[in-house]
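Remarks on the structure that follows.
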Amino acid sequence: MTTLTRRTFLHAMSAVCAAGPALAKSPLAVLKAAVAEQQVLPTEYPATPLWTFNGTFPGEALRIKQGDRVIRKLENTLPQSTAVHWHGIRIDNAMDGVPGLTQAAVEPGGAFDYDFAVPDAGTYWYHSHNRSTEQIARGLYGSLIVEEAEGPDVDRDIVLLLDDMRLTQTGEISEDFDSMHDKSHAGRLGNIVLTNGRMDLSYDVQRNQRLRLRLINASNARIFQLGLQGLNAWTVALDGMPLDQPQAVEGSFVIAPAQRVDLIVDVVADAGSEAFLIHFERDGGFAQVTFDVGGQDATQTRPAPSPLPPNPDHGRTDLAAATPIPLVMEGGAMGGMRGAMMGGRRMAMRELVQGGQAWALNGVAGLPEAPLVDVFQSETVRISMRNDTAFPHAMHLHGHHFREVLPDGTQGPLRDTILINRNETRDIAFVAHNPGDWLVHCHMLSHQAAGMKTWMRVQ
Ligand code: C2O
Ligand code: CU
């Protein structure tokens, strides 16, 4: 394991560190999008003005039992229109929160009633889906945890929302949301890294405790490479969906924007020491989350965790019956794209860039008139995604989970977001079981804003 170097200025912070935000269970059925200030930088800096759900950053932690309904009135007190997308939920299309596709954006002063059932247990999140590069960067997101009727046997269940943020010297969100450089390169990256809105998050744990860590990448564009020290871990779910078998974590792992990883973790560090969730960067490893290990050195050792209970059927992906649909990703800096269709007209790259666009899917920048996929309910769809750009992309499909079709023909775990590196072609397959119009887009939000989106119609 690499030696851990902590950012020196974080040491000052450790004294004031407490546990993460409590899981609020508000009796109010309101989800208020509102401006609020919160201390994000060390206390010698000013507090940061944020856009929040129910006054905190991250937004109110929502927790619900599998099969129950989420019923919330979105009240928009922000100076911009907004809408809430419930990422990864197999939701009624009308509740999916995509302005221009499933609802009108909620104007300042306006409201919208979200009311939907959650069929699947797991780790999800909710976020603004209007001007999302800006609104998510300003703080408009929160966790949405759907509890299994019978969850795994753990001592603690900890939600960890990973993010980065671009702040100015005076602690304000840097307002360069439309930066053409971000749009055409890797997306909007931050200058500080956060977990649950904090730069130095720590928990008091005990040796041999078993924790469930629910990692959610809520950042605009950062691909987190993570590792563990003093923790013995198994991956038990990806993007909310249980793996058939828990997989021991060895070395580092990657979590792309919008993806989730559920870990079951045994604290194996000695009492009196620290364990870490490590965030690897080019210049070394940093403490993303610190676990202060206390208590008795209990000798109890536990067997590897059992799989989480499976979620209800997602349909049988019968690849032989699927029509492959090609999806070619082009554009961006160093991508060599010469032009693309936009608004029904062919435009040269220079003209696209003048209009704030930089990417195309199947030769079209921005939402095309005709859907990428147009199928009847319960048809099997196979999309072959080819990344002809110089950057990785985290492609997300709304309303469904899919499985990757691996080179040997077998199918990977259920996911809702897949990271596709440059020069890669990756195939996904799923049963289109959920009727409606569904967005398909890159979750590097500047890329989405600059053209990387299309849609699927299931009738
Ligand atoms: Cu997490 Cu279209 O979004
Ligand atoms: Cu992208």
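Throughout, numbering of the chain's residues begins at 1 and tracks the sequence. Indexing begins at 1, ligand by ligand and atom by atom, following the structure's order.
Here the closest non-hydrogen pair linking D416 and G88 is OD2-CA, 3.2 Å. Taking all atoms of both residues into account, the shortest heavy-atom contact from F112 to Q103 is CD1-NE2, 3.6 Å.
None of the N, O or S atoms belonging to H85 lies under 2.8 Å away from atom 1 (Cu) of ligand 1. In summary, C442 places an N/O/S atom under 2.8 Å from the Cu ion (ligand 2), meeting the contact criterion. H396 lies apart from atom 2 (Cu) of ligand 1 in this respect, since none of its N, O or S atoms is found at a distance under 2.8 Å. Backbone or side-chain N, O or S atoms of H398 do not reach atom 1 (Cu) of ligand 1 at under 2.8 Å. Residue H129 does not count as close to atom 1 (Cu) of ligand 1, with no N, O or S atom under 2.8 Å.
Under 3.5 Å, the side chains of T195 and Q288 contain a donor-acceptor pair of N or O atoms. For the residue pair E281 / Q225, no side-chain donor-acceptor distance below 3.5 Å is found, with atom types taken as modelled. The closest side-chain donor-acceptor pair between D239 and Y124, if any, does not fall under 3.5 angstrom.
At a threshold of 4.5 Å between non-hydrogen side-chain atoms, the residues M444 and N220 do not count as touching.
Within H87, the N, O or S atom lying nearest to atom 1 (Cu) of ligand 1 carries the name ND1. Looking at H447 and the Cu ion (ligand 2) together, the shortest N, O or S contact belongs to ND1. Among the heteroatoms counted here (N, O or S) of H393, ND1 is the one nearest to the Cu ion (ligand 2). Atom NE2 is the N/O/S atom of H443 found closest to atom 1 (Cu) of ligand 1.
Remark: aromatic rings of Y126 and F53 are close, center separation under 6.0 Å.
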